[in-house]
Structure formats: C-alpha cells, structure tokens
Amino acid sequence: MSFIASAELVLVVHPSNDASLDAKAAQRIFLGKESKFSNGNDAIPINQGPDSPNRAAFDTDTLGRSSTQVAAYWSKLVFTGKGIPPKEVGNDAEVIAFVASNKDAVGYVDSASVTAAVKAIPLN
C-alpha cells in the first residue's frame, strides 16, 4: 500500500474563518455552485494542479467525479460563460501559503502537511 493511498485529505481555511464547512459545502464551492461561506464571506476555492495525487483523490472522494469529468464540467461552464474554475497551485505547501495569506480562501491538503498557519477541517 502506498503512502498516497493512505493520505487523508482535509480542507484548510484561514484561522480567522469561522464558517461551518463540510464535504457537501466544499463540493458546492469547488463546483462553482456556491460562492460564499456559511458566514456570508466570499469563498475562494484553491485547487491543486491536475498532476497532483491529492487533486485526483479530492475530485473522486469529495466532488464525486473523476478528474476528467471535473475538467469537462468546467470546460462547459467556461465555454458558456457561466463559471470560472478554481485557481490552481502546485502542491500542499502552495495551498497552505495561499490560504494563510487570504482569509476567504479554502483549499485541501494531506492532513500531514497542515501547519499552524491554517485551520484544518476534516472532510469526513
């Protein structure tokens, strides 16, 4: 069994973010169906790049679609002018850095990567 297969993804938000957030809310935010957190603040989703194993796991486990299906979903929304996909960064460290510097950002990382700079929220 590889390390990646046993990785546990968590959502990360800025420490000052007091919104309630669960996997269903994350799904709505990352698919562009919701643009605000439960506390009314804007929600800025941060995706990992398409080559990231965490991205594949998040797409499958949280969004309920393969990465190919998610890409097709966003292509259609972009083409019809109905949406802009989440910003992409390269890895866990970049997600944490972005979220730590932006109170409205939300991303996902391996739980082992979480630092004190962000607040982790379990996905399950």
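Just so it is clear, the structure is predicted and the values come from calculations on it, not from any experiment.
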message: If hydrophobic clusters are built by linking Ile, Leu, Val, Met, Phe, Trp and Tyr wherever their side-chain heavy atoms come under 4.5 Å apart, do V95 and V114 end up in the same one?
response: yes

Exercise for review: Verify whether one side chain among Q69 and D59 offers a donor that lies under 3.5 Å from an acceptor in the other.
Suggested key: no

Report yes if the side chains of L123 and V10 come closer than 4.5 Å at any heavy-atom pair, otherwise no.
no

Using a 3.5 Å cut-off and no angle test, enumerate the donor-acceptor pairs between side-chain atoms of residues 75-87 and protein atoms at least two apart in sequence or in another chain.
residue	atom	partner	partner atom	Å
S75	OG	A71	O	3.0
T80	OG1	K76	O	3.0
T80	OG1	L77	O	3.2

**Request:** With the side chain counted from C-beta on, respond yes when I29 and V106 share a heavy-atom pair under 4.5 Å apart, and no when they do not.
**Result:** yes

Q: Determine, stepwise, if the pair I121 / V12 fulfils side chain to side chain contact (heavy atoms under 4.5 Å, CB included).
A: CA-CA 6 Å; I121 301 169; V12 288; over 6 Å; no

What one should report as the nearest heavy-atom pair of V70 and R65 is CG2-CB, 3.8 Å

Note: A57 and L9 closest approach over all heavy atoms is CB-CD1, 3.9 Å

* Asked: For the side chain of R28 and the backbone of E34, is there at least one donor-acceptor N/O pair under 3.5 Å apart?
  -> no

- prompt: Can you find a pair of side-chain heavy atoms, one from F58 and one from Q48, that are under 4.5 Å apart?
  reply: no

Exercise. For the residue pair F30 and T62, establish whether any side-chain heavy-atom pair is separated by less than 4.5 Å.
Key: no

| message | Measuring only between side-chain heavy atoms, which start at C-beta, is I96 closer than 4.5 Å to V109? | response | yes

* Donor-acceptor pair, side chain of E94 and main chain of V89, under 3.5 angstrom -> no

Whether the N47 and Y108 side chains hold a donor-acceptor pair (N or O, under 3.5 Å, no angle test) is what I'd like checked. yes

Note to self: Between D42 and K36 (salt bridge meaning N to carboxylate O under 4.0 Å), is one present in this structure?
What the structure shows: yes

Exercise for review: Kindly work out whether a path of hydrophobic side-chain contacts (I/L/V/M/F/W/Y, heavy atoms less than 4.5 Å apart) joins L11 to L63.
Suggested key: yes

- Check whether any side-chain heavy atom of V13 sits under 4.5 Å from a side-chain heavy atom of L21, and report yes or no. yes

Ignoring hydrogens and geometry beyond distance, is a side-chain donor-acceptor pair present between N54 and D92 at under 3.5 Å? yes

When every non-hydrogen atom of A25 is compared with those of D22, the smallest separation belongs to N-OD1, 2.8 Å

Looking only at heavy atoms, the pair that brings F37 and A19 closest together is CB-CB, 3.5 Å

If only atom types and distance count, is the side chain of S38 paired as donor or acceptor with the main-chain N or O of S20 below 3.5 Å? yes

query = Is any side-chain heavy atom of K103 less than 4.5 Å from a side-chain heavy atom of P15?
reply = no

